[in-house]
Amino acid sequence: MKIGARNVLRGKVKQLRHGVVNMEVIIEMPNGNEIVSMITRKSAEKLGLAVGKEVYAVIKASNVMIALE
Amino acid sequence: MALIRVVNVGQEYGGKYVLKGVDLEIESGEVFALIGPTGAGKTTLIRLLNLLETPACGQVYFDGVDVTRSERQRLKARRRMAYVQQKPIVFKMNVFGNVACGLKWRKVRKEVVRSKVDNALEMVGMLDYTKRDARTLSGGEMQRVAIARALVTDPEVLLLDEPTANLDPVSVSKVEEVLEKIIGQKTMTVLMATHDMPQGQRFADRIGVMINGEMTQIGSPNEVFCSPQNREVAELVGVENVIAGVITVKEDELVTIEVNGNSIQAISELPLGEKVHVLIRPEDITFTPARNVSSARNMFDGEIIRMTQVGQLVRIEVDCGIPLLGVLTMVSAQELGLTIGIRLYASFKVTAIHVIKRRD
């Protein structure tokens, strides 16, 4: 995928949580880590998201926060 | 009860109002940043809070007591505060003497002075400079001495006016380290004016935005930076895409905003037909060379009309019918082979957009 975002992570949809307008999508990475995405319900329908579907989480480098314990 | 309360305060110089109807409450122990462009009234408000000036109208309360006009009350309150000015002033004496002067004026015993000055100088990283003539210090060092002079009196309130303005990056970093230590100790209420937005965002519990003498917005750093209340605040906090449009479709809170024949989708509680500004941060725009399938509901194709390198990032201006400014890393720009004149797709999520009512 050619995109101006440095982080393109492949995973599977683990859970979909429906809101009125938005939908929370939990994506499970192959190593078991999870990424949560908030998208509109319309986008989720357009992409045909369902539990188990393979998707990519795209995160721009400038949106990644780094923290220490 | 708020430690500092300002009610409808105004100030004028030569018949011109520089501060209008300011209401503000600062809690004990809070770190509050005043942000705004030069000339917004930040210094005037700090001087009013330090009781160095009397407001033309309104009331100032300190610890529940009206200190607006009573000289006795003002002096009592002022002794519980310390003020560090934008341009540090040092006296013609060594660093120790400069820091000690506030204690000597208060007739504090010599051995106590020594211990308090040493502690304050250690706090600002200037303990090795005690015998140095203060006039030979750099701007950043003078500022740290000024902060030590403020700390030595154990104030309940520390007022800082642009503590890092006009300093080189290394000095800024050293002064910020000092501020971080002071704030980390949680022993005083701090009110800091700054036009360095990330500084305000980094240090403050709450931020007050001042524009043209008015307190335009007060909120948490997240509220101010992510949900600015109007165009002026948005531009001040770095939201560089401010696009005028009208809400033409509304389904629940998902709205379609018409902009020059283009449609932007966003989430907004504003009603159908409302004239709005669409606010998008440059870092929330993603670029692709071809139309891709993603959850982003806004995708526009356009031509790159300008590219500017800023450190490791590249700012890209794209004419999509709507002018869009985005930012991406240098590595991404090189990988995508971006140059002026090529066409590409700019996409952004509805959740990255903040919609505000347009006043014009």
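Residue numbers begin at 1 in each chain, while the letters A, B, ... track the order of the sequences.
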(request) Measure K46(A) against the heavy atoms of chain B and call it side chain, backbone, both or neither at under 4.5 Å. (result)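 Just its side chain gets close to chain B.
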(request) With a 4.5 angstrom heavy-atom cut-off, could you sort out which part of I3(A) is near chain B: side chain, backbone, both or neither? (result) both
(request) Provide the closest heavy-atom pair for T286(B) versus K60(A) in the form atom of the first, atom of the second, distance. (result)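 Smallest heavy-atom distance, with atoms named: OG1-CD, 3.5 Å.
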(request) Provide the closest heavy-atom pair for S332(B) versus R6(A) in the form atom of the first, atom of the second, distance. (result)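 Result for this residue pair: OG-CD, 3.0 Å.
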(message) I'd like to verify something: which residue of R297(B), K349(B), E283(B) has the highest number of heavy-atom pairs under 4.5 Å with chain A?
(response) R297(B)
(message) I need the single residue from V20(A), N22(A), T40(A) that forms a side chain to side chain contact (heavy atoms under 4.5 Å, CB included) with L254(B). Which is it?
(response) T40(A)
Given that the side chain runs from C-beta out, which part of [X] has a heavy atom under 4.5 Å from chain A: side chain, backbone, both or neither?
| X | value |
| --- | --- |
| Q265(B) | neither |
| S347(B) | neither |
| S295(B) | both |
| V350(B) | side chain |
| I285(B) | backbone |

(message) For K2(A), is there an ion pair with E335(B) - N to carboxylate O distance below 4.0 angstrom?
(response) no
